[in-house]
Peer 1: 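The structure that follows is given in the form of structure tokens.
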Amino acid sequence: MSEIKKLDYSFYTRTDPIQIAKELLGKILITRFNNVLTSGRIVETEAYAGVTDRASHAFGGRRTKRTETMYHKGGTAYVFLCYGMHHLFNIVTNEREIPHAILIRSVEPLQGIETMLKRTGKKKLDYTLTRGPGNVSKAMGLSTQHSAKSLLSNQIFLADDGYRVANSQIGSTPRIGVDYAGEDAMLPYRFMIKENKYVSGKRGDRRLKTLGKG
DNA sequence: CGACCGATCGTCT
DNA sequence: GACGATCGGTCGA
């Protein structure tokens, strides 16, 4: 039935990270390391809007060894170590020198669930397997060694299998864990498929707003 | 439920 | 030397 298409530069190099963060909902993240395949449908994202966004590592045009990857061309992986133990996977967007990125916060497991269980040390499949950015990376086998890798490769890439998410199914809230960002901490740059059990956070998040008509 | 806490280490000041 | 774009557990109401 629906054909699977790898997302390419025409998807990643667009200029609006908010739009891309929304469109990423429903797309599939796939990794294939040593011929071991795992995949999951993206259900939660956060947009980091470049040099003017206080929540972004690239705020103010900051360039360090770590953040340099954010200045790569759209379609590059940006993975960093958070709290000394979690690897957080981002998708770089926009053209080279414009450090936009989308954090993948949660996916719904599709293929390679046994592998994901092994990687995470969990016993059985439940919503904790790929809920939250640290868990996504762990289950998908992603770590900082993959930062700056191309997302057009066959090891790490995204795909569209025809699954569509209506605007009425999309919720938005402020981003998680960015209190240090002052006013920008309140921007509604976190997007999720409403009522999906793999979305992080508590049920009935009061801050959740619906896009489009409910 | 909500609040809090410990784990753990690369990066930047 | 301080601090995270987190997570899972515990404790108390």
Side-chain angles (χ1 to χ4, degrees), chain A residues 17-18 20-22 24-25 29 40 42-72 76-94 98-109 116-149 151 171-192 197-208:
Chain A
I18 309 306
I20 298 174
K22 286 188 248 181
L24 281 171
L25 297 174
L29 172 61
I42 296 169
V43 301
E44 182 181 355
T45 60
E46 276 180 6
Y48 287 82
V51 299
T52 60
D53 182 353
R54 297 191 101 85
S56 171
H57 292 160
F59 173 67
R62 199 149 169 267
R63 292 182 97 121
T64 66
K65 180 159 192 193
R66 178 177 70 158
T67 65
E68 190 59 31
T69 302
M70 297 187 80
Y71 294 81
H72 288 204
T76 301
Y78 171 52
V79 189
F80 68 94
L81 184 66
C82 187
Y83 293 101
M85 60 192 88
H86 302 295
H87 298 258
L88 271 52
F89 173 76
N90 296 250
I91 292 163
V92 174
T93 66
N94 215 315
I98 304 179
H100 288 181
I102 317 292
L103 172 67
I104 303 303
R105 288 194 58 88
S106 297
V107 308
E108 179 172 333
M116 295 187 190
L117 289 170
K118 198 186 305 174
R119 285 173 179 156
T120 57
K122 293 181 190 290
K123 304 278 189 284
K124 60 177 175 49
L125 171 63
D126 67 16
Y127 67 89
T128 67
L129 183 63
T130 51
R131 180 178 104 142
N135 290 328
V136 168
S137 297
K138 199 167 186 187
M140 300 291 295
L142 292 161
S143 69
T144 51
Q145 67 178 296
H146 301 113
S147 201
K149 300 278 192 207
L151 296 178
S172 73
T173 76
R175 291 167 293 186
I176 305 295
V178 296
D179 295 341
Y180 57 84
E183 296 207 337
D184 290 347
M186 303 190 299
L187 295 170
Y189 284 0
R190 172 178 174 234
F191 303 97
M192 75 285 289
K197 60 187 170 182
Y198 289 92
V199 171
S200 67
K202 332 161 203 10
R203 258 172 46 111
D205 190 332
R206 288 216 188 85
R207 301 175 304 172
L208 195 145

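Not measured: the values here are computed from a predicted model. Within every chain, numbering begins at 1; the chains are lettered A, B, ... in the order of the sequence lines, protein sequences first and strands thereafter.
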Peer 1: Can you check the Phe89(A) CZ to dA5(C) C1' distance for me, whole Å?
Peer 2: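 My rounded result for the distance is 14 Å.
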Peer 1: Checking side chain to side chain donor-acceptor pair (under 3.5 Å) between Tyr78(A) and each of Glu68(A), His72(A), His57(A), His146(A), which is the one that passes?
Peer 2: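 So, applying the side chain to side chain donor-acceptor pair (under 3.5 Å) to Tyr78(A) and each of Glu68(A), His72(A), His57(A), His146(A), only His57(A) qualifies.
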Peer 1: Quiz question: going by heavy-atom distance under 3.5 Å, is there a donor-acceptor pair between the base of dA5(C) and the side chain of His86(A)?
Peer 2: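 Per atom types, no contact qualifies.
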Peer 1: So, applying side-chain contact (heavy atoms from CB on, under 4.5 Å) with Thr130(A), which one of Leu29(A), Asn135(A), Val107(A) is it?
Peer 2: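 When Leu29(A), Asn135(A), Val107(A) are each tested with Thr130(A), the side-chain contact (heavy atoms from CB on, under 4.5 Å) holds only for Val107(A).
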Peer 1: Among Lys124(A), Lys123(A), Lys122(A), which residue satisfies the salt bridge (charged side-chain N to carboxylate O under 4.0 Å, His left out) criterion with Asp126(A)?
Peer 2: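 Option passing the salt bridge (charged side-chain N to carboxylate O under 4.0 Å, His left out) with Asp126(A): Lys124(A).
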Peer 1: Nearest 0.5 Å, please: how far is OH in Tyr189(A) from CZ in Arg175(A)?
Peer 2: 7.0 Å
Peer 1: Which nucleotide in the list dG4(C), dT6(C), dA7(B) gets nearest to the side chain of Pro133(A)?
Peer 2: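 Looking only at heavy atoms from C-beta outward on Pro133(A), the closest nucleotide is dT6(C).
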Peer 1: Of the listed nucleotides (dT8(B), dT13(B), dC9(B)), which one gets closest to any side-chain atom of Met85(A)?
Peer 2: dT8(B)
Peer 1: Between atom CZ in Arg54(A) and atom P in dA5(C), what is the gap in whole Å?
Peer 2: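 In whole Å, dA5(C) P lies 14 Å from Arg54(A) CZ.
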Peer 1: Provide, to the nearest angstrom, the distance between the OH atom belonging to Tyr180(A) and the C1' atom belonging to dA5(C).
Peer 2: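 Going from Tyr180(A) (OH) to dA5(C) (C1'), I get 5 Å.
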Peer 1: Does the structure show Tyr48(A) stacking with dA5(C), if we require the centres to be closer than 5.5 Å and the planes to be within less than 30 degrees of parallel?
Peer 2: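 Yes.
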Peer 1: Looking only at the side chain of Val178(A) (C-beta and beyond, no hydrogens), which of the listed nucleotides dA5(C), dC9(B), dT8(B) gets closest?
Peer 2: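 From the listed options, dA5(C) comes nearest.
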Peer 1: Without decimals, in angstroms, what is the distance between Arg66(A) CZ and dC9(B) P?
Peer 2: 16 Å
Peer 1: Met186(A) CE to dA5(C) P: how many Å, rounded?
Peer 2: 18 Å
Peer 1: Look at atom NZ of Lys149(A) and say whether more than 12 heavy atoms of other residues, nucleotides or ligands are closer to it than 6.0 Å.
Peer 2: no
Peer 1: If you look at every strand shown and take non-hydrogen atoms under 4.0 Å, does Lys122(A) touch a base, only sugar-phosphate, or nothing?
Peer 2: sugar-phosphate
Peer 1: Does dA7(B) have OP1 or OP2 under 4.0 Å away from a side-chain N or O of Tyr83(A)?
Peer 2: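 Negative; the distance criterion is not met.
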Peer 1: Hey, does the side chain of Arg105(A) come within less than 4.0 Å of dT6(C)'s phosphate (OP1/OP2), counting only N and O?
Peer 2: yes
Peer 1: Atom CG of Asp179(A) and atom P of dC4(B): how far apart are they, to the nearest Å?
Peer 2: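 For the pair Asp179(A) CG and dC4(B) P, the rounded distance is 13 Å.
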Peer 1: Taking CG from Leu103(A) and P from dC7(C), how many angstroms apart are they, rounded to a whole number?
Peer 2: 9 Å
Peer 1: What nucleic acid atoms does Leu88(A) come within less than 4.0 Å of, heavy atoms only: base, sugar-phosphate, or nothing?
Peer 2: sugar-phosphate
Peer 1: What's the CD-P distance between Gln145(A) and dG10(B), to the nearest Å?
Peer 2: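 Spelled out: CD on Gln145(A) to P on dG10(B) is 14 Å.
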Peer 1: Name the nucleic acid region contacted by Arg63(A), choosing base, sugar-phosphate or nothing; use a 4.0 angstrom heavy-atom cut-off, strictly under.
Peer 2: nothing
Peer 1: Contact class for Asn90(A) (heavy atom, under 4.0 Å): base, sugar-phosphate, or nothing?
Peer 2: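 Base contact.
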Peer 1: Could you tell me the Watson-Crick or G-U partner of dT8(B), where both distances fall under 3.5 Å? Say none if there is no partner.
Peer 2: none
